[in-house]
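Values in this document were obtained by computation on a predicted structure and should not be read as measured data.
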Amino acid sequence: MIEVVAELSRGPVFLAGEALECVVTVTNPLPPISFSSFHSEALAWASAQIHCQFHASESRVALPPPDSSQPDVQPDSQTVFLPHRGERGQCILSTPPKILFCDLRLDPGESKSYSYSEVLPIEGPPSFRGQSVKYVYKLTIGCQRVNSPITLLRVPLRVLVLTGLQDIQFPQDEAVAPSSPFLEEDEGGKKDSWLAERPAPPCRSLHLYNISDGRGKVGTFGIFKSVYRLGEDVVGTLNLGEGTVACLQFSVSLQTEERVQPEYQRRRGTGGAPSVSHVTHARHQESCLHTTRTSFSLPIPLSSTPGFCTAIVSLKWRLHFEFVTSREPGLVLLPPVEQPEPATWTGPEQVPVDTFSWDLPIKVLPTSPTLASYAAPGPSTSTITI
């Protein structure tokens, strides 16, 4: 019996374009009571490879038939190293396999460690589990005994993609991030910080939008920026004091819009599901009659996926507003401030209203992988026994 442990050196979250480092430890767990060859354990070889699995919903996505000109590889073969063997969907991206060792023999209680390092491809999609498609990254380690099937050890990864990273020139010197005498940073941390800071949102400046329906102005919405990172708060203000139409209630939702590209959309007439789906990540609702000014704050979850676009699907972020306004001009639901004598006042039982919605697109970028790992920790160590 041999125990194989794979441990990621810096958590399970990575930026595309940076190096993944993993330590693979192989141990013979038998107690070291005898060092004869009878108690020794041996492995023929071990290899490691990073791959991305793609899975599409058949009711939402119409994929072309597979290319019959590709060589037929038997997925059920137990003697060929196929990292995606037994996985759902198809492998759309993989790094070249690297051999960790060959002909390894371990005595009882003996263990050996091997270092695996690979740069995550920048041309791949981000990790994403949506309604229409899923992109899942894994580090797969294959081990084989002589005359035995291959055993696969899989370590799940989360990959964040920076749009336009192909055009970024990586610095060659060591000073790639501001340093602090009160903090200790390794070189990997500095590089990660530099990568995450490259697509920095622009300087804050107030953006104002007039909100109107068919009968007049409802109010003015203000937001300080339209580009955010994962983990930040979307803060906005709503000024209703200048409106000519009374607003009774409003709600704002932070949403993602997952849209299948037109050439891959499943037609609804043939039983397909809608090609556009929305997911709400945060929501604020408020009754605002006689409110002059109000504000809201919506957090962007660290576990969510930044906006991206592939040949099959696109993901965009937006603020979705819904307003409830009064049809009666000059609506007053409160008693007058000054009354000549005490009186009982009740508000109207029914108010005719109108509703309308408005969408404001925003852009969400990745954050530091280290921050994402701390806030949403995932397994960074996987073990298998052969």
Answer yes or no: is there a donor N or O on one side and an acceptor on the other, between the side chain of D233 and the main chain of V235, under 3.5 Å?
no
Just by modelled atom types, is the Q144 backbone N or O under 3.5 Å from a matching donor or acceptor in the S148 side chain?
no
Shortest non-hydrogen pair, S127 vs T305, comes out as O-OG1, 3.3 Å
May I ask you to test the L238-I211 pair for a side-chain heavy-atom distance under 4.5 Å?
yes
Cluster check F356, V252: I/L/V/M/F/W/Y, side chain < 4.5 angstrom
yes
All heavy atoms of G124 vs all of V161, minimum pair found to be O-CG2, 3.6 Å
Are any side-chain N or O atoms of R10 and backbone N or O atoms of V13, one a donor and one an acceptor, separated by less than 3.5 Å?
yes
Same cluster or not: are Y114 and Y116 linked, directly or through other Ile, Leu, Val, Met, Phe, Trp or Tyr residues, by side-chain heavy atoms under 4.5 angstrom apart?
yes
Output the distance between atom NZ (K225) and atom CD (E232), rounded to the nearest 0.5 Å.
3.5 Å
Min side-chain heavy-atom separation L160-P126 under 4.5 Å:
no
Does E118 reach the main-chain N or O of L20 with its side chain, forming a donor-acceptor pair under 3.5 Å?
no
For Q249 and V353, what are the C-alpha separation, side-chain angles and deciding distance, and is it a side chain to side chain contact (heavy atoms under 4.5 Å, CB included)?
CA-CA 10 Å; Q249 180 179 287; V353 298; over 6 Å; no
Any side-chain heavy-atom pair from R154 and S382 closer than 4.5 angstrom?
no
Set out, in order, the CA-CA distance, both residues' side-chain angles and the distance that settles side chain to side chain donor-acceptor pair (under 3.5 Å) for T280 and Q255, then state yes or no.
CA-CA 4 Å; T280 299; Q255 297 181 341; 3.2 Å; yes
Report yes or no: does S47 contribute a side-chain atom to a donor-acceptor pair with the main-chain N or O of K98 at less than 3.5 Å?
yes
What I want to find out is whether R60 reaches E258 closely enough, with some N-O distance under 4.0 Å, to be called a salt bridge.
no
Do P125 and F54 have side chains that get closer than 4.5 Å, going by heavy atoms?
no
Counting only heavy atoms not in I99, do more than 12 sit closer than 6.0 Å to its CD1 atom?
no
Tell me which donor-acceptor pairs under 3.5 Å the side chains of residues 292-301 have, and how far apart each pair is, sequence neighbours excluded?
{"unit_1": "T294", "atom_1": "OG1", "unit_2": "E286", "atom_2": "OE1", "d": "2.9"}
{"unit_1": "T294", "atom_1": "OG1", "unit_2": "E286", "atom_2": "OE2", "d": "2.9"}

How about Y137 and F14: are their ring centres within less than 6.0 Å of each other?
no
Give me the atom names and distance for the closest heavy-atom approach of V364 to P306.
O-CB, 3.3 Å
In short, E263 meets A311 closest at the heavy-atom pair OE2-O, 4.0 Å
Atom CD of E18 and atom CG of L162: how far apart are they, to the nearest 0.5 Å?
9.5 Å
Can you find a pair of side-chain heavy atoms, one from C309 and one from K316, that are under 4.5 Å apart?
no
Under the 3.5 angstrom rule, does the side chain of E322 hit a backbone N or O of S357 as a donor-acceptor pair?
no
Working for side chain to side chain contact (heavy atoms under 4.5 Å, CB included), residues I223 and L319:
CA-CA 11 Å; I223 192 171; L319 293 177; 4.1 Å; yes
Looking at R145 and E41, does any basic side-chain N land under 4.0 Å from a carboxylate oxygen?
yes
Would a distance-only check, ignoring hydrogens and angles, find a side-chain to backbone donor-acceptor pair under 3.5 Å from T25 to S113?
no
Would a single hydrophobic cluster contain both V23 and V155, if residues Ile, Leu, Val, Met, Phe, Trp and Tyr are joined by side-chain heavy-atom contacts under 4.5 Å?
no
Would you say the side-chain atoms of S253 pair up with the backbone N or O of R283, donor to acceptor, closer than 3.5 Å?
no
I need the minimum non-hydrogen distance between K138 and L157, along with the two atoms involved.
C-CD1, 4.1 Å
Distance, nearest 0.5 Å, that separates CG of L15 from CZ of R158
10.0 Å
Taking atom types as modelled and ignoring hydrogens, do the side chains of T310 and Y135 form a donor-acceptor contact shorter than 3.5 angstrom?
yes
Which pair of non-hydrogen atoms, one from L302 and one from L230, has the smallest distance, and what is that distance?
CD2-O, 3.5 Å
Could you tell me whether Y209 and W358 have their ring centroids closer than 6.0 angstrom?
yes
Heavy-atom neighbours of K134 NZ exceed 12 at 6.0 Å:
yes
Do V136 and F128 sit in the same hydrophobic cluster, where Ile, Leu, Val, Met, Phe, Trp and Tyr count as joined when their side-chain heavy atoms come under 4.5 Å apart?
no
hydrophobic_cluster_shared for V5 and I141, side chain cutoff 4.5 Å
no
List the steps, then state whether side chain to side chain contact (heavy atoms under 4.5 Å, CB included) holds for E7 with T381.
CA-CA 4 Å; E7 181 178 3; T381 302; 3.5 Å; yes
Distance from L120 atom CG to I50 atom CD1, nearest 0.5 Å?
4.5 Å
Distance, nearest 0.5 Å, that separates OG of S132 from NE2 of H55:
10.5 Å
Checking R318 side chain against L360 main chain: does a donor-acceptor pair fall under 3.5 Å?
no
Under 3.5 Å: donor-acceptor pair, side chain of Q131, backbone of S57
no
When rounded to the nearest 0.5 angstrom, what distance separates CG in L43 from NZ in K112?
11.5 Å
Is it true that, when you exclude R259 itself, more than 12 heavy atoms of the residues, nucleotides or ligands shown sit nearer than 6.0 Å to its CZ?
no
Check the pair L30, M1 against side chain to side chain contact (heavy atoms under 4.5 Å, CB included), reporting the backbone distance first and the verdict last.
CA-CA 8 Å; L30 292 177; M1 182 176 63; 5.6 Å; no
